[in-house]
Amino acid sequence: MVVRSKRWKRLVGAATAAATVAFVAACGSGDSGDTASNGPVTLEFAQWWGAELPAGEFDKMISDFTAQNPNIKVKLLSAPYASTKQQLVTGAASKTLPDVVGLDGAWVNDFAKQGAIADLSKLMTDANYDTGQLASQVQVKGKTYMIPVVNFVYPLFVNKELLSKAGVSKTPSTRTEFLDAAKKVSASGGDVKGWALPLDTAVPNGIQNDVMSWLWASGGSMLAEGKPALQTPQVKSVVEYVKSLNDAGVIAPGSLTMKEQDKVEKFTNGQVGMMIDSLAHINLIKKNKPDLKFEVAALPAEDGYTGKRGIPYASWGIGVSNSTKHKAEAFKLVSYLLSKETNAKLSTIANGFPGNKSAEPDFSGSDPLFKTAFDIYQKGTPANEFTGLPKSEDLMRSFDEQLQLVLTGKTGVDDALAKAQESWSSVIE
């Protein structure tokens with residue numbers, strides 16, 4: 001899952017030299033710091049979460065865990081996302097990952113194939129863990145290797161003033177309603193368009209967030225038993241639908257080179273009526289345009305669809321090193337972070353949604369739109385099939401290239417999907 005805004009407040013600056021040195025030193029082995037076999041166990045936990053949360057909050061949470069489990073000590077290795085990624089990729093290759101690791105879904109397939117992260121399915125079975133409480137799991141060949149702890153979702157953003165001005169009184173709930181609203185907004189005058197679609201192939205996450213989201217919203221899948229399934233009627237209908245939006249002239253100009261931040265800027269400036277975007281941008285939009293009246297809603301589904309709607313998401317995921325000598329203790333920490341009370345607290349301070357289906361964040365101090373989005377999240381199901389796939393960014397890019405050929409009239413939908421299927425099949429075993 002390679003998404004520029006895939007976490008709530010990602011700090012992409014380089015880690016300080018001290019943090020990097022500490023991280024490298026700590027990652028020397030999967031069980032460094034252990035005492036005698038009958039003494040307390042020390043778990044190293046590497047993640048970027050502590051760097052993105054209010055200072056000291058994550059440390060307090062971990063201190064509560066160690067107070068409840070006096071035989072387990074936890075050494076937090078907190079660094080910005082970019083630094084954490086670099087160190088974990090290196091650690092996975094050399095089989096020297098810390099005992100517990102924060103994971104991005106885009107790393108899971110490679111780490112699992114390298115044998116660097118443990119099969120959590122087995123650990124959950126060994127611990128008699130109730131998997132029914134989990135909102136989602138990330139699997140490779142039927143085995144769970146990552147559990148999303150906090151989820152950050154991508155609903156539909158709607159400029160209420162633009163829709164109202166265009167005579168649209170109801171937020172679109174179906175594809176037909178969305179196309180109709182987009183046409184009316186585009187016809188309202190000026191340089192306003194109904195929808196923004198970022199398809200820059202350099203950062204092809206628009207395929208995940210803005211294209212395949214239409215498929216997942218209607219319960220569809222781009223995979224069949226883990227293999228590419230891009231020539232199905234469901235996938236074809238999505239591409240044809242996006243083409244119909246393009247043919248109707250309702251997509252903001254420049255989409256073939258547009259990046260996610262450009263889409264957000266156009267929405268903030270009142271140049272597009274609707275977009276699919278991360279909740280991470282609510283506060284940013286309100287800061288830059290305090291008077292903008294907008295709402296969030298579930299993604300429109302195929303006409304007549306009555307099932308649960310998939311909603312794109314990105315996560316703070318968690319996994320266990322395959323080389324740690326303390327898998328049972330490591331899973332205790334995992335299960336603690338996913339327990340109802342702890343998960344609700346962590347989700348609240350992260351401005352995200354829980355990985356435990358029974359947990360509910362405290363929205364009393366948040367923008368009301370977060371509560372609206374949480375209601376959407378609870379009624380639907382988290383959906384992101386790129387998570388756990390090998391070379392997921394390359395998959396998005398090859399699909400993007402074919403979609404661009406369709407939108408520019410250089411190829412047909414069937415031919416584009418056939419070529420994308422061939423490209424994907426060479427990557428996904």
Side-chain angles (χ1 to χ4, degrees), residues 153-199 206-207 209-220 233-256 258 262-277 285 292-312 369 372-373 375-376 379-380 383 403-404 406-409 412-413:
V153 300
Y154 289 68
L156 178 69
F157 282 60
V158 176
N159 183 316
K160 294 194 291 184
E161 285 189 349
L162 285 182
L163 264 67
S164 178
K165 179 183 175 183
V168 180
S169 58
K170 176 187 174 187
T171 298
S173 179
T174 67
R175 290 184 187 176
T176 296
E177 291 174 356
F178 184 90
L179 175 57
D180 179 66
K183 285 179 178 178
K184 290 179 177 176
V185 170
S186 300
S188 61
D191 60 353
V192 175
K193 292 293 183 179
W195 186 44
L197 174 63
L199 291 177
I207 296 301
N209 302 330
D210 303 82
V211 177
M212 286 301 181
S213 52
W214 292 98
L215 176 71
W216 302 327
S218 301
Q234 286 181 311
V235 176
K236 182 177 179 180
S237 75
V238 168
V239 176
E240 289 179 334
Y241 181 67
V242 172
K243 182 178 183 299
S244 73
L245 290 164
N246 184 67
D247 292 347
V250 304
I251 299 177
S255 63
L256 302 188
M258 185 183 293
D262 302 322
K263 168 184 71 176
V264 178
E265 183 177 336
K266 284 183 178 294
F267 183 85
T268 304
N269 292 334
Q271 293 175 293
V272 293
M274 297 172 287
M275 69 171 178
I276 299 167
D277 192 38
I285 294 169
L292 187 70
K293 292 182 173 58
F294 67 97
E295 63 183 6
V296 295
L299 271 62
E302 282 189 289
D303 296 39
Y305 178 73
T306 58
K308 280 194 171 185
R309 299 195 183 196
I311 183 167
L369 289 177
T372 300
D375 292 340
I376 296 168
K379 291 175 184 176
L403 178 60
Q404 291 206 20
V406 170
L407 299 183
T408 53
V413 174

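The chain is numbered in sequence order, starting from 1. Computed from a prediction, not measured in an experiment: that's the story for all the values here.
Within the structure, salt bridge (charged side-chain N to carboxylate O under 4.0 Å, His left out) contacts touching residues 154-164 (residues at least two apart or in different chains) are E161-K293.
A search for salt bridge (charged side-chain N to carboxylate O under 4.0 Å, His left out) contacts involving K266 returns nothing, not counting sequence neighbours. Residues satisfying the ring pair (Phe, Tyr, Trp, His ring centres under 6.0 Å) criterion with W216, sequence neighbours excluded, are absent altogether. Under the rule for a side-chain hydrogen bond (donor to acceptor under 3.5 Å, both in side chains), the partners of K263 that lie at least two apart in sequence or sit in another chain are D210. Qualifying salt bridge (charged side-chain N to carboxylate O under 4.0 Å, His left out) partners for E265, counting only residues two or more places apart in sequence or in other chains: none. Not counting sequence neighbours, the partners of D303 by the side-chain hydrogen bond (donor to acceptor under 3.5 Å, both in side chains) test are T176. Residues passing the side-chain contact (heavy atoms from CB on, under 4.5 Å) test with A373 are L279, V296, F353, sequence neighbours excluded. Applying the salt bridge (charged side-chain N to carboxylate O under 4.0 Å, His left out) rule to D375 yields the partners K371; only residues at least two apart in sequence or on another chain are considered. Remark: L256 pairs with L199, Q404, T408 by the side-chain contact (heavy atoms from CB on, under 4.5 Å) rule, at least two apart or across chains. Partners of S218 under the side-chain contact (heavy atoms from CB on, under 4.5 Å) rule, at least two apart in sequence or in another chain, are R175, A301, E302, Y305. Annotation: side-chain contact (heavy atoms from CB on, under 4.5 Å) contacts of T171 (sequence neighbours excluded): V158, E295, A297. Among residues two or more places apart in sequence or in another chain, the salt bridge (charged side-chain N to carboxylate O under 4.0 Å, His left out) test is passed with K183 by none.
Residues R309 and L299 share a closest heavy-atom pair of NH1-O, 2.9 Å. The shortest heavy-atom contact between V406 and G412 is CG2-O, 3.9 Å. Scanning both residues, G194 and S186, for their nearest heavy atoms gives N-OG, 3.0 Å. V264 and I285 make their closest contact through CG1-CG1, 4.2 Å (heavy atoms, listed as atom of the first residue, atom of the second, distance). Here the closest non-hydrogen pair linking G270 and N159 is CA-ND2, 4.1 Å.
Residues D191 and Q271 form a side-chain contact, since some pair of their non-hydrogen atoms from C-beta on lies under 4.5 Å apart. At a threshold of 4.5 Å between non-hydrogen side-chain atoms, the residues V211 and V238 count as touching. Counting heavy atoms from C-beta on, the side chains of M258 and L197 never come closer than 4.5 Å. At least one side-chain heavy atom of P172 sits less than 4.5 Å from a side-chain heavy atom of L163.
Taking CZ of F267 as the reference point, atom CZ of F157 lies at 7.0 Å (rounded to 0.5 Å). Note that the OG1 atom of T268 and the CG atom of L292 stand 7.0 Å from one another [nearest 0.5 Å]. Separating the CD1 atom in I251 from the CG atom in L245 is a distance of 5.5 Å, to the nearest 0.5 Å. Distance check: S213 OG to I276 CD1 gives 3.5 Å after rounding to the nearest 0.5 Å.
A donor-acceptor pair under 3.5 Å is absent between the side-chain atoms of K308 and the main chain of G219, judged by distance alone.
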Discussion item. Determine whether M274 and L156 satisfy the following criterion, side-chain contact (heavy atoms from CB on, under 4.5 Å), listing intermediate values before the conclusion.
Written reply: CA-CA 7 Å; M274 297 172 287; L156 178 69; 4.2 Å; yes

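Aromatic ring orientation, W195 versus F178: perpendicular (interplanar angle above 60°, classes split at 30° and 60°).
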